[in-house]
Amino acid sequence: MGLPLTVPPDATILLLDSAPTMRATLRDALTDAGYLVVTAGDLGEALDRLSETPPDLLITRPYINSMPGRTAAEYLRTKQNGLPVLVVAGFLEDDRVEVQNTIKEFHIFPKPFRRDELAARVKDVLELIRRKT
């Protein structure tokens with residue numbers, strides 16, 4: 001038997017989530033879907049990862065520790081202009097998801113969700129971004 005074929009990742013995702021269990025779950029789901037996932041548990045770590053491996057997409061939550069995810073994303077965008085963001089948010093009626101209307105290239109994905117739904121949403125966001133470029 002030959003060596004297994006290595007398929008290049010469809011995209012690089014920076015996953016910023018302060019909850020270790022959720023971060024691992026999201027990382028596994030996205031890796032299984034064919035993405036290169038770089039993880040960070042706080043803004044400082046995300047900044048380091050951003051400079052090491054520029055991502056195609058940032059995925060974050062409405063709050064990272066005590067900081068709004070929107071604030072973290074806006075700061076990271078000062079380091080990588082136009083970085084698209086997918087916020088894995090609370091429920092749709094959650095007022096924090098209003099960031100979608102106030103910041104360009106912020107996309108919202110409510111939970112709860114299944115792994116395949118997350119993978120499909122990430123694919124849709126990446127395709128939308130690629131069509132614009």
Side-chain angles (χ1 to χ4, degrees):
M1 293 187 126
L3 296 173
L5 294 176
T6 303
V7 178
D10 187 46
T12 300
I13 296 172
L14 174 55
L15 174 60
L16 173 56
D17 193 322
S18 55
T21 302
M22 180 60 95
R23 188 170 60 243
T25 300
L26 293 173
R27 181 199 63 226
D28 291 349
L30 294 166
T31 300
D32 289 349
Y35 300 106
L36 173 62
V37 181
V38 180
T39 62
D42 60 40
L43 181 57
E45 195 176 354
L47 187 58
D48 291 342
R49 301 298 171 266
L50 185 77
S51 64
E52 295 165 359
T53 309
D56 299 296
L57 178 66
L58 168 66
I59 296 180
T60 191
R61 305 245 321 265
Y63 281 89
I64 304 302
N65 296 321
S66 60
M67 173 187 293
R70 172 184 176 177
T71 301
E74 287 173 340
Y75 181 75
L76 291 171
R77 282 179 156 186
T78 68
K79 306 303 179 189
Q80 183 177 326
N81 190 30
L83 176 63
V85 179
L86 174 62
V87 179
V88 178
F91 298 100
L92 285 176
E93 61 272 8
D94 187 334
D95 64 335
R96 294 173 289 184
V97 301
E98 291 302 312
V99 297
Q100 182 177 20
N101 297 323
T102 59
I103 299 179
K104 187 176 180 180
E105 293 303 339
F106 258 66
H107 305 272
I108 305 299
F109 186 66
K111 59 181 187 176
F113 53 84
R114 295 186 322 264
R115 291 168 64 107
D116 60 326
E117 292 171 330
L118 174 65
R121 180 64 174 137
V122 168
K123 180 181 177 190
D124 290 347
V125 168
L126 289 167
E127 286 175 357
L128 178 67
I129 293 163
R130 289 173 181 154
R131 282 196 300 264
K132 291 181 178 183
T133 56

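For reference, positions follow the sequence shown, starting with 1.
- Annotation: side chain of D56 is in contact with side chain of L126 (closest heavy-atom distance under 4.5 Å).
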>> Checking V37 against T39 for the side chain to side chain contact (heavy atoms under 4.5 Å, CB included) test, could you report, in this order, the C-alpha distance in whole Å, the side-chain angles of both residues, the deciding distance, and whether it holds?
In response: CA-CA 6 Å; V37 181; T39 62; 4.0 Å; yes
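- Of all the heavy atoms in P84 and L57, the pair that sits closest is O-CD1, 3.5 Å.
- L118 is listed as a side-chain neighbour of L30, based on a closest heavy-atom distance under 4.5 Å.
- Atom CG of residue L26 and atom OG1 of residue T60 lie 10.0 Å apart, to the nearest 0.5 angstrom.
- Of the possible polar contacts, one joining the Q80 side chain to the P55 backbone as a donor-acceptor pair under 3.5 Å is found.
- Side-chain contact between Y35 and K123: present, with at least one pair of heavy atoms (C-beta onward) separated by less than 4.5 Å.
- Rounding to the nearest 0.5 Å gives a distance of 5.5 Å between CG of L43 and CG of L76.
- In this structure, CD1 on I13 lies 13.0 Å from CZ on R27, to the nearest 0.5 angstrom.
- L86 has its side chain within reach of V122: a pair of non-hydrogen atoms, C-beta onward, lies under 4.5 Å apart.
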> Between R70 and E74, is a salt bridge (Lys or Arg N to Asp or Glu O under 4.0 Å) present by the stated rule, with each step listed?
Replying inline: CA-CA 6 Å; R70 172 184 176 177; E74 287 173 340; 3.2 Å; yes
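- For the pair D17 (side chain) and M22 (backbone), a donor-acceptor distance under 3.5 Å is absent.
- Under the 4.0 Å criterion applied to side-chain N and carboxylate O atoms, R49 and E45 are assigned as salt-bridge partners.
- Considering CG of L58 and CG of L15, their distance stands at 8.5 Å, rounded to 0.5 Å.
- For the atom pair CZ of R61 and CD1 of I64, the computed distance is 7.0 Å after rounding to the nearest 0.5 Å.
- One distance of note links CZ of R115 with CG of D32; it measures 4.5 Å at 0.5 Å rounding.
- When all heavy atoms of L14 and A46 are compared, the closest pair comes out as CD2-O, 3.9 Å.
- For T71 (side chain) and M67 (main-chain N/O), no donor-acceptor pair under 3.5 Å exists by modelled atom type.
- Using a distance-only test at 3.5 Å, with no hydrogens or angles considered, a donor-acceptor pair links the side chain of S18 to the main chain of N65.
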